[in-house]
Chemist: 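Let me begin by handing over the structure; questions about it come next.
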2 protein chains.
Amino acid sequence: MGILRKTQSLAVMLAEFDKSSHAISAIDLIRRLSNKLNKTTVYRILDKLEDDGLLHSFLGKNGIKWYAKCNGCSKTAHTDVHPHFQCVDCGQVDCLAIQIPIPELPNRTALMSSVLIQGKCQNCL
Amino acid sequence: MGILRKTQSLAVMLAEFDKSSHAISAIDLIRRLSNKLNKTTVYRILDKLEDDGLLHSFLGKNGIKWYAKCNGCSKTAHTDVHPHFQCVDCGQVDCLAIQIPIPELPNRTALMSSVLIQGKCQNCL
DNA sequence: AATTTTAATGCAACTAAGTTGCAAATATAT
DNA sequence: ATATATTTGCAACTTAGTTGCATTAAAATT
Ligand SMILES: [Zn+2]
Ligand SMILES: [Zn+2]
Ligand SMILES: [Zn+2]
Ligand SMILES: [Zn+2]
């Protein structure tokens with residue numbers, strides 16, 4: 001149901017996402033903010049920011065949850081859909097500003113798709 | 001390190017995959033076989049069958065692990081790579097016999113990719 | 001500014017999926 | 001038939017994420 005109040009915790013979380021352009025895993029965020037915020041709070045704020053179209057979530061390697069800033073989404077329209085890249089060496093995750101076309105599927109209706117590409121990032125090449 | 005012995009448990013597992021052409025989640029397999037096999041055994045045999053190129057695994061909705069039969073893979077070459085489809089209504093998961101081309105990525109090397117398409121299956125349309 | 005209302009937070013306890021160590025059982029080799 | 005080595009079951013553990021509830025802190029009302 002999105003964010004209603006401008007709390008300290010919210011400010012701390014948003015600041016963390018402003019520090020870098022990479023995606024952040026929920027786990028890492030919890031670890032980074034462990035002296036300031038409870039993990040339940042972290043999960044709850046992530047949820048709300050996603051509801052509001054400020055962040056989007058996706059699953060990385062091993063099915064763990066990552067979050068990144070949305071580009072032009074709103075509470076009603078999550079339109080910023082794209083593949084993600086995870087470096088197999090350093091673990092860093094980024095949004096890719098490309099589109100992967102999904103073909104028509106016979107006998108099925110595709111509603112959404114998620115693409116995770118794994119490989120080596122520029123630093124680790 | 002693959003399968004070395006032809007055990008009862010192995011036969012039971014293989015029989016389960018022969019019953020249908022759909023993918024099976026590890027959890028579901030454990031539930032289905034709970035009166036015959038311990039869950040540790042299920043996980044271990046799945047691991048070995050994947051090593052041997054008889055099954056492949058991938059992550060479905062919510063990051064849970066699914067397994068399906070491979071087509072023409074071997075212990076050394078897992079070449080049967082394809083997207084997967086999960087029905088949002090009934091939860092059924094299938095391998096899609098299509099290829100999704102991944103474009104060249106500037107400043108990155110792609111080593112693998114996983115694509116999960118969610119939507120409605122024929123039954124649920 | 002003080003009070004009331006309502007949402008956000010922290011904590012502890014829980015859940016679910018998967019993993020590990022080890023002793024007992026079973027398959028294969030001798 | 002016996003020895004050896006792999007596989008299995010069990011219990012205990014781990015990790016990521018969730019839930020209920022009392023407390024705290026925003027914001028709205030007076
Ligand atoms: Zn890297
Ligand atoms: Zn993204
Ligand atoms: Zn269906
Ligand atoms: Zn498949």
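Lettering of chains follows the sequences in order, A, B, ..., and the numbering in each one begins at 1.
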Chemist: Taking the nucleotide of DNA chain D with the nearest heavy atom to each, does Thr40(B) or Met1(B) sit closer to the 5' end?
Modeler: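 Going by which nucleotide is closer to the 5' end, it is Met1(B).
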
Chemist: Is it the case that dG18(C) (base atoms only) and Arg44(B) (side chain only) share a donor and an acceptor within less than 3.5 Å, ignoring hydrogens and angles?
Modeler: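 A donor-acceptor contact between them is absent.
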
Chemist: dA7(C), OP1 or OP2 - any side-chain N/O from Lys48(A) closer than 4.0 Å?
Modeler: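 False: Lys48(A) side-chain N/O out of range (4.0 Å or more) of dA7(C) OP1/OP2.
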
Chemist: Students often get this wrong, so: under 4.0 angstrom with heavy atoms, is Lys39(A) touching a base, only sugar-phosphate, or nothing?
Modeler: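 The residue Lys39(A) makes base contact.
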
Chemist: Expressed as a whole number of angstroms, how long is the span from Glu50(B):CD to dG18(C):P?
Modeler: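 Value for this atom pair: 12 Å.
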
Chemist: How close or far is atom P of dG9(D) from atom CD of Gln8(B), stated in whole angstroms?
Modeler: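 The distance from CD of Gln8(B) to P of dG9(D) comes to 11 Å, rounded to the nearest Å.
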
Chemist: Would you mind classifying the nucleic acid contact of Ile45(B) as base, sugar-phosphate or nothing, using non-hydrogen atoms under 4.0 angstrom?
Modeler: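 Answer is sugar-phosphate: Ile45(B) comes under 4.0 Å of backbone atoms only.
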
Chemist: Taking for each residue the nucleotide of DNA chain C with the nearest heavy atom, is it Thr7(B) or Ala26(B) whose nucleotide lies nearer the 5' end?
Modeler: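 Nearest-nucleotide comparison on DNA chain C picks Ala26(B).
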
Chemist: Let me know the distance between CG of Asp47(A) and P of dT18(D), rounded to the nearest Å.
Modeler: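 Result: 7 Å.
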
Chemist: Expressed in angstrom and rounded to an integer, what is the separation of Phe58(B) atom CZ from dA17(C) atom P?
Modeler: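 After rounding, the gap between these two atoms is 16 Å.
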
Chemist: Kindly point out which of dG9(D), dG18(C), dG17(D) is positioned nearest to the side chain of Lys65(B)?
Modeler: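 Taking heavy atoms from C-beta onward, the closest nucleotide is dG18(C).
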
Chemist: Taking 4.0 Å as the cut-off, does a side-chain nitrogen or oxygen of Ser9(A) come that near to OP1 or OP2 on dA8(C)?
Modeler: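 No, no such contact exists.
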
Chemist: Establish, with yes or no, whether the OP1 or OP2 oxygen of dA8(C) is under 4.0 angstrom from a side-chain nitrogen or oxygen of Lys6(A).
Modeler: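 Lys6(A) to dA8(C) OP1/OP2: no side-chain N or O under 4.0 Å.
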
Chemist: When the distance from CD1 of Ile3(B) to P of dT7(D) is rounded to whole Å, what number comes out?
Modeler: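 From Ile3(B) CD1 to dT7(D) P: 7 Å.
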
Chemist: I'd like to know if Asp28(A) and Arg31(A) make a salt bridge, using a cut-off of under 4.0 Å between side-chain N and carboxylate O.
Modeler: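 Yes, charged N to carboxylate O under 4.0 Å.
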
Chemist: Would you call the rings of His56(A) and His82(A) parallel, tilted or perpendicular, where under 30° means parallel and over 60° means perpendicular?
Modeler: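 His56(A) vs His82(A) ring planes: perpendicular.
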
Chemist: For Asp51(A) and dA7(C), give me the distance from atom CG to atom C1', rounded to whole Å.
Modeler: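 So the CG-C1' distance, Asp51(A) to dA7(C), works out to 15 Å.
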
Chemist: Do side-chain atoms of Asp80(B) reach the backbone of Asn71(B) as a donor and acceptor pair under 3.5 angstrom?
Modeler: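 At least one qualifying donor-acceptor pair exists.
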
Chemist: Please check: side-chain N/O of Asp52(A) versus main-chain N/O of Leu54(A), any donor-acceptor pairing under 3.5 Å?
Modeler: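 No; judged by distance alone, with no hydrogens or angles, the pair does not exist.
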
Chemist: Can you confirm whether more than 12 heavy atoms, excluding those of Lys69(A), are under 6.0 Å from its NZ atom?
Modeler: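 Buried by this count: over 12 neighbours within 6.0 Å.
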
Chemist: To the nearest angstrom, how far is Asn35(A) atom CG from dG10(C) atom C1'?
Modeler: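 So the CG-C1' distance, Asn35(A) to dG10(C), works out to 15 Å.
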
Chemist: Mapping Leu59(B) and Leu10(A) to their closest nucleotides on DNA chain C, which lands nearer the 5' end?
Modeler: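 With Leu59(B) and Leu10(A) compared, the 5'-side residue is Leu10(A).
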
Chemist: By nearest nucleotide on DNA chain D, pick out whichever of Trp66(A) and Arg5(A) is the more 5' one.
Modeler: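 Result: Trp66(A).
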
Chemist: Rounded to the nearest Å, what distance is computed from the CD1 atom of residue Ile27(B) to the P atom of nucleotide dT15(C)?
Modeler: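 Rounded to the whole Å, the gap is 16 Å.
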
